[in-house]
Amino acid sequence: MESWNSRLGVILAVAGSAVGLGNFLRFPGQAAQYGGGAFMIAYFIALLLIGLPICWAEWAIGRRGGRDGFNSSPGILGYVTGSKKFRYLGIIGVIIPVVIYMYYVYIEAWCLGYAVNFLAGNMNFETVEEAGTFWGNFIGINGDGEAIGFGIKQVGGFLLLVFVLNFVLIYRGISKGIEWFCKYAMPTLFVLALIILIRVLTLGAPVAENPNNSVINGLGFMWNPNKTILYERTVDESGTDLWNVKTELVGKTAIEAARVEAAANPNLELRAKTMWSQLANPQLWLAAAGQIFFSLSVGFGVIITYSSYLNQNDDVVLSGLAATSTNEFCEVGLGGLTTLPAGFAFLGVAGVAGMGTFGLGFNVLPMVFSEMPGGAFFGFAFFFLLFLAAVTSSLSMLQPGIAFLEEAMAINRKQSVAILGFVTAAGCSFVVYFSAGVKALDTIDFWVTNLLMVVLATVQIIIFGWIIGVEKGFAIAHQGAAIRIPSFFKFVMKYVSPAFLIIIFGAWIYNSVLGFSLTGGEKKYSSYIVDLFIEPNVAAIMSVIVILLTGAFITLLTARGSFEPKPQPTAQK
Amino acid sequence: MTIGGWIIMILSVGSVTSLFVWCIYKVLSAEGEEEKIHGFEVETPDTRQDD
């Protein structure tokens, strides 16, 4: 019977699962794009209404299933509800981590490759375009099959290395593999993040010709609740005036210069956006809820499996809160003060606004690190930090698959590692081969994270609040608990969280699938829908087929599996 | 950076840092934590080759 070695170990493992590239790259970009201070209000509300409730529900349900020997999402959900139907819904909790692993390990290899290349002195970029060209060549963005290469400036060798590392650690088991690695990796990650934080906060205004581009103004770009925007007027074919955003302005010098320019030019206008007007934008709320959701790895199938290896009298309430707070500290406290201000200090608003996760991480920041004093070391430290964060996450993506195969096929860890290794290697090869425009990676990510994760989280919170019942669910959660969940969370977990998730899901279908605008703009299908139904793209269609094939394989095994309870010896205490 | 920006940043970073420190303190100082530690000698399927 497998189990964790210590409470701190399981907390670090769950936190390690949650802490990833999203904390350091996606969060700052989202916060800045959706209004900084205004975004944070929605972000913390989403943390209270969906993040923590689903997290506690998953920890409690997982430990309850583990009491009778269930460690996989299908086994646990089928057992705690007493219904085979939920076993089939639990399949989603295996599909998500297994399929995400297929592309996540590829990104993990980018991080290791960048760290090594910084150490080797290969990262000297004068412009973001140069850094972008390096990235494109490194990952084979220009054509299918171009990512397959084993030189230091190609991803192939690094991918092989991280793939093997993950499977060696997962083969060693829960305590000797995952817990052992996270106990060293997470503190190392904190130290590296603090070193980079100190470096960034002491940059000042590193480009002498642009004193307005300073770290302080970079922090302002990230955190200011009210925004100053310069609009530019254009006239469309029908002669109607259109006012488009030209740029956001940060810093007294830049705002004053724009004010003078706008006064002299009738086609320019300076407007202030208050925090309250930004909070009225539904896109902001969706973005904040989405960030909380994906950042905490709730509805991912990982927490439920990890917590199933706990003893029945081990605390889950404090452990869940501790893992959540560790993730939040890394995201808000470290990620929020580091990456965007660093990019701003060298490139200003134009260089960092709307860059996206990959643009910020693999184009802007490599150029920024290569320009700063001691850049080789700090660049290495940053990408090694991302690599550690990625490994602790990818390890967590493998354990649900291992647990599922052991349970459904009644095989040992060695056999399940071999089968999962084959399945994920095949999927990863597909993602790496279809590297042109990162199409396969992007398509799989879109459908799995937006569709499947929200569905699984909704299923789990409904099981906790309605099938098990919120009173009984609280009793299960509080068994052996070091702290109590405040009573108002009963109402939140029963009504508010499911409603919130259903609204998010509905808004996603309305906006991203059906193409309707949430802010009154014209209907426009997302590129993911266009790729599948309007202008079919082979790589995108095959990516969806990979998800479906993985789902069919897991469904078949679930149908054939016996999923018999095997009570833990310690459960009799 | 505006005063509003400073306030939001300090409140956000301060609150998550305080929660993080409190949680780690509670975890490390919880009574009976020793009893909840399992041994590395616990049998795992990867060490069980006979099934």
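Computed from heavy atoms alone, side chains included, the values below leave out hydrogens, waters and symmetry copies.
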Looking only at L219(A), L334(A), L47(A), the option with the highest number of non-hydrogen pairs under 4.5 Å against chain B is L219(A)
OG1/T324(A) to CG/L19(B) distance, rounded to the nearest 0.5 angstrom? 8.5 Å
Considering all heavy atoms of both residues, which atom of M1(B) and which atom of N217(A) are nearest to each other, and what is their separation? N-OD1, 3.5 Å
Are any non-hydrogen side-chain atoms of N226(A) and T2(B) less than 4.5 angstrom apart? no
Parallel, tilted or perpendicular: which describes the rings of F329(A) and F20(B), with under 30° parallel and over 60° perpendicular? parallel
By a 4.5 Å heavy-atom criterion (distance strictly below it), what part of V250(A) contacts chain B: side chain, backbone, both, or neither? neither
If every non-hydrogen atom of N224(A) is compared with every non-hydrogen atom of G5(B), which pair is closest and at what distance? OD1-CA, 3.5 Å
Please classify the contact of I483(A) with chain B as side chain, backbone, both or neither, using a heavy-atom distance under 4.5 Å. side chain
If you compare all heavy atoms of V13(B) against all heavy atoms of G333(A), which two are closest, and at what distance to 0.1 Å? CG1-CA, 4.0 Å
Region of F221(A) that comes under 4.5 Å of a non-hydrogen atom in chain B: neither
How many angstroms lie between atom OG of S12(B) and atom CH2 of W223(A), to the nearest 0.5 angstrom? 4.5 Å
Quick one: pull up CD1 in I41(A) and CG in L11(B) and give me the separation to the nearest 0.5 Å. 10.0 Å
